[in-house]
Amino acid sequence: MNFPQEVLLPQKTIFKKGSALQIAEESLEYGSQGLIVYGKSFERSGKKNKILVQFPSYTKVDFFCRSGGEPTLDEITRVINKAKSINADWITGIGGGSVLDLAKASAGLFNAGEKPAFYQEGGKLEERGIPFIAVPTTAGTGSEATINSVIINKEKRVKLSIRDKTFLAKKVILDVELLEDLPPLVISYAAMDALVQAYESYISKNATWFSENFALKAIELICKNILPAYESGKEENLSSLLLGSYFAGIAFASSRLGVIHGIAHPLGALYSLPHGLICSVCLIPSIKINKEIMGKKYEIMSNLAGMDLIKRGEMLLLAFKISSPFKGKPLIEKEKIIEQTLKSGSTAANPKPINAKDVEFILREIF
Ligand SMILES: [Fe+2]
């Protein structure tokens, strides 16, 4: 059987409504001192206090609230410094992909001998970090299932992963109640990111029986629930999206992604646009590039999507009123975008070997 040589999965996954109330119990298993990283929307939601009262008085818990945007190298250092000031035994991230990526890298690099930039440039991590617990509040990035954090290097104006096998979350808590106040726009961008990740994983040249099955289940769950979740925000649809995005994360953690994520990182760093939006508008150009090589996989995905895959993609963009945010904008640093896309580990997993002409094709389609 075509099974990956190595599979890394979180030690424990809790998929239960209301399970956010177990954050204290699950985190404290690793020690009585820890740092919780979260975003502003969680702070405003009123859920924070309900979770905090679960920590007994003998514990020492501190907080780091993100101000927004995508995480930077400096921010990792700030989180690590805060966690060190309380001798943290663990770091728990409660939030969307940016929060989880920041908390993950900070826990992973907690004892690192070098600055975060060293590891982003490919330096080897010798020291083991502290446990990371992932609690997603959006259904999209799948960060809770992966070993990498996507981080902005402001100085170099690049967006690159820091990755290490030890970064993987020890525990994942999937509680649909944390998603109940999500604005429709956030639901659509996040779910489109998850759908693109499932699609890229399914057709990846590294795809295996293991990754394909998780990717296909993700495609099915996301396609069935993405529009109802966007339109009504119903719990059953959000819950399926949450599971679908986790499955997509498991799939691509094993298979890697493709050219959409290869080009989305330089575009995201240069244009400061939401990752899910960039992925959304690159989906159809990628399908056009890969359609021939993916063979019967196109039909299988179309069946799960309920219609021809390209038509389904167009329909979703229309329903979400997504048009390319690049139209009418000048194409800046085209050579840099092409160079970084071709260098990307995601692009390397694309089933059709990608050359500069393919990248130019995507750029022509979206600009
Ligand atoms: Fe993504």
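In this text the structure is predicted, and so the values were computed from the model without any measurement. Whatever order the structure lists them in is the order used to number ligands and atoms, beginning at 1.
Proximity of the aromatic rings of Phe42 and Phe64 is defined here by a centroid distance below 6.0 angstrom, and this criterion is not met.
The environment of Lys336 atom NZ is dense: over 12 non-hydrogen atoms of other residues, nucleotides or ligands sit within 6.0 angstrom. Other residues, nucleotides and ligands contribute more than 12 heavy atoms inside 6.0 Å of the NZ atom of Lys352.
Atom OD1 is the N/O/S atom of Asp193 found closest to the Fe ion (ligand 1). Within His261, NE2 is the N, O or S atom that lies nearest to the Fe ion (ligand 1).
The Fe ion (ligand 1) lies at 2.8 Å or more from every N, O or S atom belonging to Cys279.
Taking the ring axis of Phe63 as reference, the NZ or CZ atom of Lys48 stays within 45° of it and closer than 6.0 Å to the ring centre.
Seen from the Fe ion (ligand 1), atom NE2 on His275 and atom OE1 on Gln197 lie at an angle near 160° (rounded to 10 degrees).
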